Amino acid sequence: MIPKTTSLSRYKIIEGQLKEPIIYDLKEKLEEKSILNFTQYDKDTIVGWSSCFSPYIPEFDNIVFGDFFIFSLRIDKRQISAKLIKKEYEIAIRNLKMAGKSYFSRNEKEEIKEKITEEIRKKIPYNPNVYNLIWFYEEKILYFLTTQINANKILEEFFYEAFEIRLTKLFPYTFCELNTDFSLENIEASSI
Amino acid sequence: MLDIAFAYNKYKFLGNEFLTWLFFAIDNNLDMQYIKDLLIGNKIKIDKKAKEESLTICGDLLFLKEAKLAIEGGGRVVELALLYKEDKGDLKFSIKGESFNLSNISFLPNEGYEKSSDLEEGLLNQVYIYSKIFQIQDFIFNEFLKLRLSPKWEDETVKEIKRWTQKV
């Protein structure tokens with residue numbers, strides 16, 4: 001699969017680097033934080049690295065192309081519908097009433113709701129979202145192939161967690177600060 | 001360096017002014033590298049300063065006039081669709097002013113262009129497209145910054161842009 005996209009955001013690496021030999025270090029860290037190694041299934045969002053060529057069964061043998069690395073960030077989400085909880089809750093209350101219970105305290109209602117939510121959570125599968133990234137290691141530039149704010153935020157945090165490398169998104173201010181000698185100190189909006 | 005979230009909001013205007021100027025530069029066929037090969041695409045999004053609302057203008061010809069009128073009324077271009085003519089075909093993309101996010105990226109090959117079925121070649125072509133768009137954006141933004149931070153901006157360019165918006 002060729003990572004086509006219709007949108008992308010760009011990052012600059014401002015702190016940290018891989019250890020030599022870099023490809024070995026990168027593969028090791030990708031495998032360590034591979035989406036398949038995730039076990040915290042009590043969370044509704046799980047995050048890990050994946051491969052853009054085999055995103056559902058990630059392998060990290062094919063990550064070097066030209067002068068860049070290519071792999072994916074996978075964000076798997078489990079979405080629990082509020083309507084489903086309400087439906088199951090109302091059925092549970094009706095069943096208890098039919099069994100002879102006529103009064104429910106606020107705490108009891110809360111407990112029933114929590115129990116139902118937990119039961120539903122265990123049954124709902126995670127929905128995988130794959131976002132490719134292209135990393136020009138020598139240039140310290142990274143293209144992230146989505147502009148979704150939440151996915152970008154997760155990338156920034158997870159990238160640091162995985163590689164101890166800090167990214168900064170390139171937008172007008174950071175572009176000036178990191179890529180040019182221009183100072184924006186005294187600039188104000190113009191009256192075009 | 002300033003706090004990122006604070007700086008993002010503080011300098012939003014700079015990206016929007018850049019796109020407004022770029023619209024002006026392309027429409028006036030400014031003699032600058034890349035500008036001569038750029039065309040305005042079929043969408044311009046403008047934030048109307050006074051009315052706190054945005055206007056998205058789509059179309060082919062008349063919409064440019066409408067966009068200029070909105071700028072004359074104090075609006076700024078916040079998203080601009082562009083088309084860049086290359087030897088092998090046209091690159092289509094949109095730039096968002098405040099974030100520099102790129103969207104709606106596509107490559108429209110010229111007739112007779114043979115698309116590679118090789119995975120690596122296809123991937124390299126795709127990455128070439130992204131890099132080319134950033135190369136164009138970086139060059140033009142650098143040129144804009146030189147102008148924007150010089151006295152020429154207030155002395156000449158602002159007046160030229162005002163004259164251009166009035167000439168509908």
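Chain letters run A, B, ... following the sequence lines, proteins first, then strands; residues in each count from 1. This is a predicted model, so every value here is computed, not measured.
Scanning both residues, A/Glu177 and B/Met1, for their nearest heavy atoms gives CB-SD, 3.8 Å.
Counting heavy atoms from C-beta on, the side chains of A/Cys176 and B/Tyr11 never come closer than 4.5 Å. Side-chain contact check for A/Arg10 versus B/Asp138: some heavy-atom pair is nearer than 4.5 Å. Between A/Ile192 and B/Trp153, the closest side-chain pair of non-hydrogen atoms falls below 4.5 Å.
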Do B/Asn142 and A/Phe182 pass the side-chain contact (heavy atoms from CB on, under 4.5 Å) test, and can you show the C-alpha distance, the side-chain angles, and the key distance before you say yes or no?
CA-CA 9 Å; B/Asn142 253 305; A/Phe182 297 118; 3.4 Å; yes
Stepwise side-chain contact (heavy atoms from CB on, under 4.5 Å) test for A/Phe136 and B/Val127
CA-CA 11 Å; A/Phe136 297 88; B/Val127 175; 3.6 Å; yes
Dump the intermediate steps for side-chain contact (heavy atoms from CB on, under 4.5 Å) on B/Ser103 and A/Thr147, then the final yes or no.
CA-CA 8 Å; B/Ser103 59; A/Thr147 52; 5.5 Å; no
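Once rounded to the nearest 0.5 Å, the distance linking CD1 of A/Ile149 with CG of B/Asn101 reads 8.5 Å. The line from OG of A/Ser190 to CZ of B/Phe13 is 9.0 Å long, rounded to the nearest 0.5 Å. Annotation: the span from B/Glu154 atom CD to A/Ser191 atom OG amounts to 5.5 Å, rounded to 0.5 Å. Rounding to the nearest 0.5 Å gives a distance of 9.5 Å between CG of B/Leu124 and CD1 of A/Ile70. Note that the CZ atom of A/Phe65 and the CD atom of B/Glu120 stand 5.5 Å from one another [nearest 0.5 Å]. Here the straight-line distance linking atom CG of B/Leu123 with atom CZ of A/Phe68 works out to 4.5 Å at 0.5 Å rounding.
A/Glu161 CD: more than 12 foreign heavy atoms inside a 6.0 Å radius. Other residues, nucleotides and ligands contribute over 12 non-hydrogen atoms within 6.0 Å of the CZ atom of A/Phe104. The number of heavy-atom neighbours closer than 6.0 Å to OH of A/Tyr56, taken from other residues, nucleotides and ligands shown, is 12 or below. For A/Lys153, the NZ atom sits in a loose shell: 12 or fewer heavy atoms of surrounding residues, nucleotides or ligands are nearer than 6.0 Å. The environment of B/Lys68 atom NZ is dense: over 12 non-hydrogen atoms of other residues, nucleotides or ligands sit within 6.0 angstrom. Residue-environment remark: CD (B/Gln33) exceeds the threshold of 12 foreign heavy atoms within 6.0 Å.
Looking at B/Tyr8, both its backbone and its side chain come within 4.5 Å of chain A, counting heavy atoms on both sides. A/Leu170 touches chain B through its backbone: at least one of N, CA, C or O sits under 4.5 Å from a heavy atom, while the side chain does not. Contact of A/Leu178 with chain B is made through the side chain alone, with heavy-atom distances under 4.5 Å. Contacts of A/Thr174 with chain B are made by side-chain atoms alone, with heavy-atom separations under 4.5 Å and no backbone atom involved. Contact annotation for B/Leu149: only side-chain heavy atoms (C-beta onward) come within less than 4.5 Å of a heavy atom of chain A. Of the atoms belonging to A/Ser183, it is backbone heavy atoms, and not side-chain ones, that fall under 4.5 Å from chain B. Heavy atoms closer than 4.5 Å to chain A are found nowhere in B/Glu121, neither backbone nor side chain.
Using modelled atom types, one side-chain atom of A/Tyr173 and one backbone atom of B/Leu2 make a donor-acceptor pair closer than 3.5 Å. Remark: the backbone N or O of A/Ile134 is not paired with any side-chain donor or acceptor of B/Tyr130 at under 3.5 angstrom. One N or O on the side chain of A/Lys169 and one on the backbone of B/Ser99 form a donor-acceptor pair closer than 3.5 Å.
When the options B/Phe141, B/Phe18, B/Phe144 are evaluated for a ring pair (Phe, Tyr, Trp, His ring centres under 6.0 Å) with A/Phe175, the one that passes is B/Phe141.
Looking only at heavy-atom pairs under 4.5 Å with chain A, the residue among B/Lys10, B/Lys12, B/Lys146 that has the most is B/Lys146. Of the listed residues (B/Ser131, B/Ser94, B/Gly15, B/Gly97), the one with the most heavy-atom contacts under 4.5 Å to chain A is B/Ser131.
A/Ile124 and A/Ile91 sit in two unconnected hydrophobic clusters of ILVMFWY residues. Membership requires side-chain heavy atoms under 4.5 Å apart, directly or through other members. Linking ILVMFWY side-chain heavy atoms closer than 4.5 Å, directly or via other members, places B/Trp21 and B/Leu64 in a single hydrophobic cluster. Taking hydrophobic clusters as Ile, Leu, Val, Met, Phe, Trp and Tyr residues chained together by side-chain heavy-atom distances below 4.5 Å, A/Tyr160 does not share a cluster with A/Ile141.
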